[in-house]
Protein chains: 2
Amino acid sequence: MRSDRMKGNLDALLLAVLQSGAAHGYEVIAELRRRSGGEFDMPEGTVYPSLHKLENEGLLESEWDVVDGRRRRTYRLTAPGAAALARERAEWARFSVGMNAVLVGL
Amino acid sequence: MRSDRMKGNLDALLLAVLQSGAAHGYEVIAELRRRSGGEFDMPEGTVYPSLHKLENEGLLESEWDVVDGRRRRTYRLTAPGAAALARERAEWARFSVGMNAVLVGL
DNA sequence: TTCTCATACCTAGGGATCCTAGGTTACCGA
DNA sequence: TCGGTAACCTAGGATCCCTAGGTATGAGAA
């Protein structure tokens, strides 16, 4: 996927994945790939800074743990995060309706 | 519409509007607003530079004319522009399927 | 054992994209 | 003549994502 089109939607995707349960960064990337049927294959350099930003904004919270000698930071959605996700979904809906109207003529 | 989400989709929108017939910049903006039901209200400082870029890339061509003493630059889609639009539509389709899969779980 | 692959994290800097903010010219109706 | 609308333009800034590099561990191959 050409990723310019990604811009502005990444937060929504990350929050959506984490709504299904806590996960660490690497796992979020894999889950995003899986759910999108391979369409969204985000580089780590994109996802990690984004997760940090979302945590800074209070939409996620994280905690470190160690599994098999490997450290992981596990993220979970906060209440404000869930609210933000609801807004993102609504915006996406309006946006995609507009896009289809102009592009496809629906 | 929060316009971050716009990023990467603007070219597709402009090409799509111009596929319905030649138009000048101001008119493209109005038509975009109309077709999207008011959702896409693009600033001139966004649209004009984009039209110039598309012309530079050979996807549009333009010509000056004067109507009621006002000069206008009328743009029309080229053959490469039509091809690019077809690609953009296909990409949009794949992208929005992916987004819906992750966001809405469809 | 050593090498490579996968897991798992990180950041600085750059490139692309869009918008803000400012400017110009011309017509028209009050 | 003054504001509103039509119509164009650009420089610079903000934002967003990616490239490219780095670190560390475990598991399996050679």
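Below, each value reflects all heavy atoms present in this structure, side chains not excepted, and no hydrogens, waters or symmetry copies. Below, chain A is the first sequence line, B the second, and so on; all start at residue 1.
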Output a table of nitrogen or oxygen pairs between the protein and nucleotides 19-24 of chain D separated by less than 3.5 Å.
none

TODO: Would you kindly give the OH-to-P distance between B/Tyr75 and D/dA7, to the nearest whole Å?
DONE: 14 Å
TODO: Can you tell me the distance, in whole Å, between the CG atom of A/Asn9 and the P atom of D/dT15?
DONE: 18 Å
Open item on the list: Please determine whether side-chain contact (heavy atoms from CB on, under 4.5 Å) holds for the pair B/Leu13 and A/Met99, giving the CA-CA distance in whole Å, both sets of side-chain angles, and the decisive distance to 0.1 Å.
Closed with: CA-CA 8 Å; B/Leu13 291 172; A/Met99 281 294 293; 3.6 Å; yes
TODO: Indicate whether OP1 or OP2 belonging to C/dT11 is found under 4.0 Å from a side-chain N or O atom of A/His52.
DONE: yes
Task: From A/Glu61, A/His52, A/Glu63, residue fulfilling side-chain contact (heavy atoms from CB on, under 4.5 Å) relative to A/Tyr75 - done: A/His52
Task: Derivation and outcome, salt bridge (charged side-chain N to carboxylate O under 4.0 Å, His left out), residues B/Arg34 and B/Glu31 - done: CA-CA 5 Å; B/Arg34 196 188 65 73; B/Glu31 182 64 9; 2.8 Å; yes
Task: Whole-Å gap separating C1' (D/dC17) and CG (A/Leu10) - done: 8 Å
Open item on the list: Expressed as a whole number of angstroms, how long is the span from B/Arg73:CZ to C/dT24:P?
Closed with: 20 Å
- [ ] Could you tell me whether the phosphate oxygens of C/dA8, OP1 or OP2, come under 4.0 Å of any side-chain nitrogen or oxygen in A/Arg72?
- [x] yes
- [ ] Return yes if some donor-acceptor pair links the side-chain N/O of A/Glu55 with the main-chain N/O of A/Ser62 below 3.5 Å, else return no.
- [x] yes
- [ ] Just compare D/dT10, C/dC10, D/dC17 and give me whichever is closest to any side-chain atom of A/Trp64.
- [x] C/dC10
Open item on the list: Return the CZ to CG distance between A/Arg89 and B/Leu103, rounded to the nearest 0.5 Å.
Closed with: 6.5 Å
Task: B/Asp65 CG to D/dC8 P, straight-line distance once rounded to whole Å - done: 9 Å
TODO: Could you tell me whether the side chain of B/Leu14 reaches within less than 4.5 Å of the side chain of B/Leu32, counting heavy atoms only?
DONE: yes
Task: Distance, nearest 0.5 Å, that separates CG of A/Leu85 from CG of A/Leu54 - done: 10.5 Å
- [ ] Nearest whole angstrom, please: distance from the C1' of C/dT7 to the CD1 of A/Ile29.
- [x] 11 Å
Open item on the list: What is the distance, to the nearest angstrom, from the CG atom on A/Asn56 to the C1' atom on C/dC10?
Closed with: 15 Å
Open item on the list: For D/dA6 and B/Tyr26 - does any side-chain N or O of the residue sit under 4.0 Å from the phosphate oxygens OP1/OP2?
Closed with: yes
TODO: To the nearest Å, give me how far apart CG (A/Asp11) and P (D/dT15) are.
DONE: 13 Å
